[in-house]
J.: 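A single structure is presented below for examination.
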Amino acid sequence: MFERLRGTRDFLPNEMAARKKVFSTIKKTVEEFGFFETDTPAIELFDLYSIKSGEEIIEELYAFEDKGGRMISLRPELTPSVVRVLVSKSKELSFPVKWYSIPRLWRYERPQSGRLREFYQLNIDIFGSEDARADTEVISCAIKLLCDLGFDDSDIEVRVSDRRLLQEFLLTLGITNFHDVLRIIDKREKISQNDFKGMLFDINLDDCQINKIETFLDSKGDLLQSIEELSKNHKGEGISKVIESLKKIAQNLHDRGYEKFISFDPSIVRGLDYYTGMVFEVHDRKREFRALFGGGRYDNLAELFGGEHIPAVGFGMGDAVLELMMRRKGIWPEEKLELDVFIATIGNVEKEVSKVSTVLRDSGFRVDFDLMSRNLSNQIKFATKLGARSLLIIGERDLKDGNITIRDLETGKESKILLSEVVSSPSKHLTKVL
RNA sequence: GCCGGGGUGGGGUAGCAUGGUUAUCCUAUGGGACUGUGGAUCCCAUGACUCGGGUUCAAAUCUCGGCCCCGGCCCCA
């Protein structure tokens, strides 16, 4: 016996049935927003990840040397691959490009609630547009997606900010070590106020600066309103440009009727160094789970990869947290098998079974029948376990008059019918699930 | 890598504090009976103390270590 690798999952047919429904909802919504599906290899050159990442990230790669002596890694995220494709094809693509993908990703991390070593992640990105409408489109798609899955504004909160806002603000305070400060701000929710102050103090900020930072971070709330206030309180060329673009995003989201989902939160910074503008995060309102989405604008990644300047905005959504949240709300689909027709037999009726099953399958029904020569009772039991909607009973005795029995397994109603009748017009007597 | 809580048939469990007959119950799976209606029922069978060391006359039970699972930290691209 072999054990499943830590942090990985097996999906049995009934579990897979539920996942398929969720994934198809996701795909449908995203495609309604005009995104096209892409895919890239699960393996890439190790360097694709080592170039822009720190040592800690590299430690979490599933990496190995191939037979040609190349260092290879399983992809831990999709963005580098997509940007690689984009850079190599940029001359032949017409921009903006709206792409999505639901890759399987691998990260060698310690599994926790909502975090696994192998998982799926929906990625959507818009490349080529710097316009605030692109940012809005991405955020709207995230919101619509959650609505279509069955969530509403009482379940989730989308917090939006812009990294440049915080940076410009820190500059006005004379603070330049963004990297350290952002890191601490990112932790603020998890630690006490004293620890927060202490950590900032440790990197040589004074009380006055710390107080101002706290006041600034607390200016969260309704997106439009908060931004209006910001623009009153913070003048200056750099900062007003950022505020202007946030205002556009806010107004646009408002026009789409999504204002209830959105709030402004200047403490959202999303990781480090990666993002260059708008950033957003989606959480459950109770904060029971880790972030469901994270995304934002990353305008200079293509250049980092040796291409031309291609502005980009997008997000990633992992399937693990999504499943936890949907289960908590009771909207994860039922894990049950689905079959349209099961044919039960009594005696030697092989010929008729072959004929009927073929006709039904040709008409698009999902059909199965007994392969074990079981008695009728056990066949019915088995049909129920397969989730069959309808049951056909073909028995030697009734067949002498050309009859078979047809039973609706959901209502329990059954009737006798001519076999020839079912064969000539199956859709009249049987229904397909879905 | 660090910290905490756990591992009893395929799944879910009782037993463990206070060591002592054949390890409980539900479910699942397989077979059989009811001679074509039973999505049943009844009968039979299958099947477990995570692994290794220690204490003891005796360990599922106490103890140490490994492995694995769950949760948290770190990190979260």
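By convention in this document, chain letters (A, B, ...) are assigned in the order of the sequence lines, proteins followed by strands, and residues within each chain are numbered from 1. On a predicted model such as this, the values are computed, not experimentally measured, just so you know.
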J.: Which residues in residues 187-200 of chain A have a heavy atom closer than 4.0 Å to any atom of RNA chain B?
T.: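 A:Lys187, A:Lys190 - these, ordered by number, are the residues of the stretch whose heavy atoms sit under 4.0 Å from the strand.
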J.: Within the 4.0 Å heavy-atom criterion, would you say A:Thr79 contacts the bases, only the backbone, or no part of the nucleic acid?
T.: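 Nothing: the residue A:Thr79, judged by heavy atoms under 4.0 Å, touches no strand.
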J.: Provide the Watson-Crick or G-U wobble partner of B:G30, both distances under 3.5 Å; none if there is no partner.
T.: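 Pairing partner: B:C44.
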J.: Quickly work out the A:Leu409 CG to B:A40 P distance and round it to whole Å.
T.: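 Computing the A:Leu409:CG to B:A40:P distance gives 11 Å.
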J.: Report the distance from atom CG of A:Asn375 to atom P of B:A33, rounded to the nearest whole Å.
T.: 8 Å
J.: Without decimals, in angstroms, what is the distance between A:Ile404 CD1 and B:G36 C1'?
T.: 14 Å
J.: How far, in whole Å, is B:U21 from B:C73 if one measures between their C1' atoms?
T.: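 Result for the C1' pair: 49 Å, nearest Å.
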J.: For residues 108-163 of chain A, which residue pairs pass the ring pair (Phe, Tyr, Trp, His ring centres under 6.0 Å) check, not counting sequence neighbours?
T.: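 Qualifying pairs: A:Phe23-A:Tyr120, A:Tyr62-A:Tyr108.
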J.: Would you kindly give the CG-to-C1' distance between A:Leu74 and B:A77, to the nearest whole Å?
T.: 15 Å
J.: What I want to find out is whether A:Glu65 reaches A:Arg70 closely enough, with some N-O distance under 4.0 Å, to be called a salt bridge.
T.: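 Salt bridge between A:Glu65 and A:Arg70, a charged N being under 4.0 Å from a carboxylate O: no.
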J.: State whether A:Arg183 places a side-chain N or O below 4.0 Å from either non-bridging phosphate oxygen (OP1 or OP2) of B:C75.
T.: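 Checking B:C75 against A:Arg183, a side-chain N or O does come within under 4.0 Å of OP1 or OP2.
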J.: I'd like to know if A:Arg389 pairs up with A:Glu410 as an ion pair, taking the criterion as any Lys NZ or Arg NE/NH1/NH2 lying under 4.0 Å from an Asp or Glu carboxylate oxygen.
T.: yes
J.: Tell me, which pairs form a side chain to side chain donor-acceptor pair (under 3.5 Å) where one or both residues lie in residues 344-354 of chain A, sequence neighbours left out?
T.: none
J.: Which whole number of Å gives the distance between the P atom of B:U22 and that of B:C34?
T.: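 That atom pair is separated by 38 Å.
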J.: Can you tell me the Watson-Crick or wobble partner of B:U50, both distances under 3.5 angstrom?
T.: B:G66
J.: Quote, to the nearest angstrom, the C1' distance that separates B:U24 from B:U61.
T.: 16 Å
J.: For A:Phe216, which residues count as a ring-ring contact (aromatic ring centres under 6.0 Å, His included) partner, sequence neighbours excluded?
T.: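 Per chain and number, A:Phe216 pairs via ring-ring contact (aromatic ring centres under 6.0 Å, His included) with A:Phe169, A:His234.
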J.: Tell which nucleotide pairs with B:U22, taking only Watson-Crick or G-U wobble pairs whose two distances are both under 3.5 angstrom.
T.: none
J.: Under the rule for ring-ring contact (aromatic ring centres under 6.0 Å, His included), what residues qualify as partners of A:Phe261, not counting sequence neighbours?
T.: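 With neighbours one apart ignored, the set is empty.
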J.: Can you tell me, in whole Å, how much space there is between the P of B:C42 and that of B:U27?
T.: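 Here B:C42 and B:U27 have their P atoms 9 Å from each other.
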J.: If you measure from the P atom in B:U18 to the same atom in B:G11, how many Å do you get, rounded?
T.: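 Rounded to whole Å, the distance is 31 Å.
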J.: Looking only at atom P, what distance separates B:G54 and B:C16, rounded to whole Å?
T.: 27 Å
J.: Provide the full list of salt bridge (Lys or Arg N to Asp or Glu O under 4.0 Å) pairs with a residue in residues 311-321 of chain A, sequence neighbours left out, each pair given once.
T.: A:Arg9-A:Asp319, A:Arg19-A:Asp319
J.: A:Arg163 CZ to B:A77 C1': how many Å, rounded?
T.: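 For the pair A:Arg163 CZ and B:A77 C1', the rounded distance is 12 Å.
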J.: Could you pull out the protein-nucleic contacts involving nucleotides 29-32 of chain B (nitrogen or oxygen on both sides, under 3.5 Å)?
T.:
unit_1 : atom_1 : unit_2   : atom_2 : d
B:U29  : OP1    : A:Lys385 : NZ     : 2.8
B:U29  : OP2    : A:Lys385 : NZ     : 3.1

J.: What's the CG-C1' distance between A:Leu376 and B:G36, to the nearest Å?
T.: 6 Å
J.: Under 4.0 angstrom, heavy atoms only, what part of the nucleic acid is A:Leu391 near: base, sugar-phosphate, or nothing?
T.: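 No contact.
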J.: CD1 of A:Ile380 versus P of B:G39: gap in Å, rounded?
T.: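 Value for this atom pair: 6 Å.
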J.: Any salt bridge (Lys or Arg N to Asp or Glu O under 4.0 Å) pairs touching residues 390-404 of chain A, not counting sequence neighbours?
T.: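 Applying salt bridge (Lys or Arg N to Asp or Glu O under 4.0 Å) to every pair that reaches into residues 390-404 of chain A, excluding sequence neighbours, yields A:Asp398-A:Lys416.
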J.: Tell me what A:Asp408 touches on the nucleic acid: a base, only sugar-phosphate, or nothing, going by heavy atoms under 4.0 Å.
T.: base
J.: Report the residues that fulfil ring-ring contact (aromatic ring centres under 6.0 Å, His included) with A:Tyr298, sequence neighbours left out, ordered by chain and then residue number.
T.: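 Listed in chain order: A:Tyr274.
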J.: Restricting to side-chain hydrogen bond (donor to acceptor under 3.5 Å, both in side chains), what partner residues turn up for A:Arg188, sequence neighbours left out?
T.: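 For A:Arg188, the residues satisfying side-chain hydrogen bond (donor to acceptor under 3.5 Å, both in side chains) (neighbours in sequence not counted) are A:Asp218.
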J.: Counting distance alone, no hydrogens or angles: does the base of B:G36 have a donor or acceptor under 3.5 Å from a partner atom on the side chain of A:Asp398?
T.: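 Indeed, a donor on one side and an acceptor on the other fall under 3.5 Å apart.
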J.: With P as the reference atom in both, quote the distance from B:G30 to B:A14 in angstrom, rounded to an integer.
T.: 28 Å
J.: At a cut-off of 3.5 Å, list every protein nitrogen or oxygen paired with a nitrogen or oxygen from nucleotides 68-70 of chain B, distance to 0.1 Å.
T.:
unit_1 : atom_1 : unit_2   : atom_2 : d
B:C69  : OP2    : A:Arg6   : NE     : 2.5
B:C69  : OP2    : A:Arg6   : NH2    : 3.1
B:C70  : N4     : A:Arg110 : NH2    : 3.0

J.: Taking A:Phe365's backbone N and O only, do any of them form a donor-acceptor pair with A:Ser363's side chain (distance below 3.5 Å, no angle check)?
T.: no
J.: I'd like the C1' distance from B:G15 over to B:G20, given in whole Å.
T.: 14 Å
J.: Taking the six-membered ring of A:Phe305 as reference, does the cationic atom of A:Arg84 (NZ for Lys, CZ for Arg) lie under 6.0 Å from its centre and within 45° of its axis?
T.: no
J.: Using heavy-atom distances to pick each residue's nearest nucleotide on RNA chain B, tell me which of A:Arg107 and A:Lys413 is more 5'.
T.: A:Lys413
J.: Round to a whole Å and report the spacing from CG of A:Asn14 to P of B:A28.
T.: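 Distance, rounded to whole Å: 15 Å.
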J.: When you measure from the centre of the six-membered ring of A:Phe35, is the NZ or CZ of A:Lys98 closer than 6.0 Å and no more than 45° off the axis?
T.: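 Positive - A:Lys98 is close enough to the ring of A:Phe35 and near enough to its axis.
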J.: Can you list everything that forms a salt bridge (Lys or Arg N to Asp or Glu O under 4.0 Å) with A:Glu32? Sequence neighbours excluded, please.
T.: A:Lys28, A:Lys144
J.: What contact category does A:Gly347 fall into here, base, sugar-phosphate, or nothing, at under 4.0 angstrom with non-hydrogen atoms?
T.: nothing
